[in-house]
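Each remark here refers to the structure printed beneath this line.
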Number of protein chains: 2
Amino acid sequence: MPLSKTNNLVSCDNFASQVLIQLKQDILTGFFKPGEKLLMARLKERYQVGISPLREALSQLLVEQLVIVENQRGFRVHPISKQEMLDIYETRASIERLCIGLAIEKGDDEWEANILACAHKMNKFAEQIEKSPQEWELRHQAFHTAIAEGCLSPTLLQVRRSLYEKAARYRNLWLNTNMVDPKTFDDNQNDHRLLVDALLNRDSALAKQIINEHLLSPSRLLSKNFQD
Amino acid sequence: MPLSKTNNLVSCDNFASQVLIQLKQDILTGFFKPGEKLLMARLKERYQVGISPLREALSQLLVEQLVIVENQRGFRVHPISKQEMLDIYETRASIERLCIGLAIEKGDDEWEANILACAHKMNKFAEQIEKSPQEWELRHQAFHTAIAEGCLSPTLLQVRRSLYEKAARYRNLWLNTNMVDPKTFDDNQNDHRLLVDALLNRDSALAKQIINEHLLSPSRLLSKNFQD
DNA sequence: AATTATAATAATGTCGACATTATGTAGTTA
DNA sequence: TAACTACATAATGTCGACATTATTATAATT
């Protein structure tokens, strides 16, 4: 292993896993644009590693469908399409409904308590959303994850995570100007309140209906912004 | 690229993708046992490639959760557990129900026709199952895939494929002696007939119930064979 | 001028080598 | 005998170098 890095890094997983995180971030946030060629020389330069860890990270992103590989012509960022966006959002909604249905069946006191805790942390940050949108996104995500985790199925939660990432990419790419329309935001916050109520009342049908709308309405918004 | 292989291989994807297929097969069929250490030297020997393509293939299997990586101690085959097996089968059943629900909504004439065609090819092979279990498995899989494809969602079908593989691993590992109990087999074939009828009648509830039982009854069988 | 042929340039995919880290073993001490 | 240290062995993770293949630019021919 090379010298310069061993001393600097505390938790030294291999380089590939470090690169994986950064590269994924760069694709999700649109630093590397959809369809863009991923030149090895460029990646080497940017992440300061050799080719081997890079190819390992790219191999993993290949499975997650964030990059594509062309026979002997290297890697590209996975292209985007309106059609794929809609498919991802529809599937995501289906999976989330599934998680919520199971969570309502299986969730215990701690599940309920954790939802309320995460909801609180999210709401506390509602005013500062302008200040740090990414921190709000983190808390928003934590809230929804707390709900889904009640399903107690690692396998299902893994699927959910993967779909969240793919959806996040479209959100980041198409809502480039962080449009936080106050009306939309208030509607969203209302969704959250109604959702928590439905969950605590174990009203599965209502909760599923709310989450469905909550997840699909952004996709309809995105759909307008993008002609394909 | 090395010399010896370039001439021999017709469709020359990179070595990593070739190794991926073989290595996955070896894990799914239990040639490499759960939890087993995957020595680079051994893998190099077996697949006749260098370390780089191997690590790329392993990186992909890492995402698919068929191998695990230990900090600086290389790769192992992903361990198995009764708990994980049950989780995978439950999730798989949920996803399959989802696919079937959507397929019944969206499926057209061609969808119906393809199901019948695949059912026919499967039934034709029913007697020869002893002769070539893997060919029967192929046709069985094609039948169920034909049904699921009616959902018209690439994203969802991808999830389905991944879960199928994980489940297949447990099936291969625990049903080591290819136990084709005639009674069970006939029940299965009956499931298939009833399922096709329900699909053509667009009876979503019934179809979901049948597929659920069809997928979960093996898991109950496996469950008995394995103490954890 | 358009199209093909040819050369040069660039980028990929692979291996071998090397430094780092883990594992196993013998030897020493209490 | 148990436990700890020191050493030897083995395995991993990374880079640089090289052969193969693709891409671009240039020349040649119709």
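The figures that follow rest on heavy atoms only: side chains count, while hydrogens, waters and symmetry mates do not. Letters A, B, ... mirror the listed sequences (proteins, then strands); counts begin at 1. Computed from a predicted model, the values in this text were never measured in an experiment.
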Exercise. Applying side chain to side chain contact (heavy atoms under 4.5 Å, CB included) between A/K24 and each of A/I21, A/D26, A/L28, report the one that passes.
Key: A/L28
Quiz item: Does one side chain, of A/Y164 or A/Q141, offer a donor that lies under 3.5 Å from an acceptor on the other?
Solution: yes
Could you list, one pair per line, each protein nitrogen or oxygen that sits under 3.5 Å from a nitrogen or oxygen of nucleotides 6-10 of chain C, together with the distance?
none

Self-check item: Whole angstrom value for the distance that separates P of C/dG16 from CD of B/Q48
Solution: 11 Å
Quiz item: Starting at CG of B/N14 and ending at C1' of C/dC15, how long is that distance when rounded to a whole Å?
Solution: 15 Å
Self-check item: A/Y170: side-chain hydrogen bond (donor to acceptor under 3.5 Å, both in side chains) partners, not counting sequence neighbours
Solution: A/E84
Quiz item: A/H214 and A/H140: aromatic ring centres closer than 6.0 Å?
Solution: yes
Quiz item: What nucleotide among C/dG13, D/dC15, C/dC15 has an atom nearest to a side-chain atom of B/V49?
Solution: C/dC15
Quiz item: Rounded to whole angstroms, how far apart are OH on A/Y47 and C1' on D/dT14?
Solution: 19 Å
Exercise. Using atom CG of A/L58 as one end and atom P of C/dT14 as the other, report the distance to the nearest whole Å.
Key: 14 Å
Practice problem: Check salt bridge (charged side-chain N to carboxylate O under 4.0 Å, His left out) between A/E110 and all other residues, then give those that pass, not counting sequence neighbours. | Solution: none
Quiz item: Of all the nucleotides listed (D/dT12, D/dT14, D/dG13), which has the minimum atom distance to the side chain of B/M40?
Solution: D/dT12
Self-check item: Length of the line joining B/Q18:CD and C/dG13:C1', which is rounded to integer Å
Solution: 13 Å
Quiz prompt | Residue whose nearest DNA chain D nucleotide is more 5′ - B/E70 or A/K44 | solution = B/E70
Quiz item: For the pair made of CD1 in B/I51 and P in D/dT12, what is the distance, rounded to whole Å?
Solution: 8 Å
Quiz prompt | Euclidean distance, atom CG of residue B/L43 to atom P of D/dA10 [Å, nearest integer] | solution = 18 Å
Practice problem: Report the residues that fulfil salt bridge (charged side-chain N to carboxylate O under 4.0 Å, His left out) with A/E149, sequence neighbours left out, ordered by chain and then residue number. | Solution: none
Practice problem: Taking all heavy atoms of A/K82 and all of A/S223, pick out the closest pair and write down the distance. | Solution: CE-OG, 2.9 Å
Practice problem: Find the distance between CG (B/L156) and CD1 (A/I88) and round it off to the nearest 0.5 Å. | Solution: 12.5 Å
Quiz item: For the helix from C/dA1-D/dT30 to C/dA30-D/dT1, what angle lies between the axis at the first five pairs and the axis at the last five pairs, to 10 degrees?
Solution: 10°
Quiz item: Would you say the side-chain atoms of B/W111 pair up with the backbone N or O of B/I147, donor to acceptor, closer than 3.5 Å?
Solution: yes
Quiz item: Which nucleotide in the list D/dC15, D/dG16, C/dA11 gets nearest to the side chain of A/K37?
Solution: C/dA11
Self-check item: Donor-acceptor under 3.5 Å (A/D109 side chain, A/E112 main chain)
Solution: no
Quiz item: Under 4.0 angstrom, heavy atoms only, what part of the nucleic acid is A/L38 near: base, sugar-phosphate, or nothing?
Solution: sugar-phosphate
Identify each atom pair where a protein N or O and an N or O of nucleotides 22-24 of chain C are less than 3.5 Å apart, giving names and distance.
from, atom 1, to, atom 2, distance (Å)
C/dT23, OP1, B/R73, NH1, 3.4

Practice problem: Flag this pair as yes if the NZ/CZ of A/R42 is under 6.0 angstrom from the six-membered ring centre of A/F32 and inside a 45 degree cone about the axis; otherwise no. | Solution: no
Quiz item: How about A/N172 and A/T29: does a side-chain donor come under 3.5 Å of a side-chain acceptor?
Solution: no
Quiz prompt | Nearest-Å distance for atom pair CZ/P, residues A/F15 and C/dA19 | solution = 15 Å
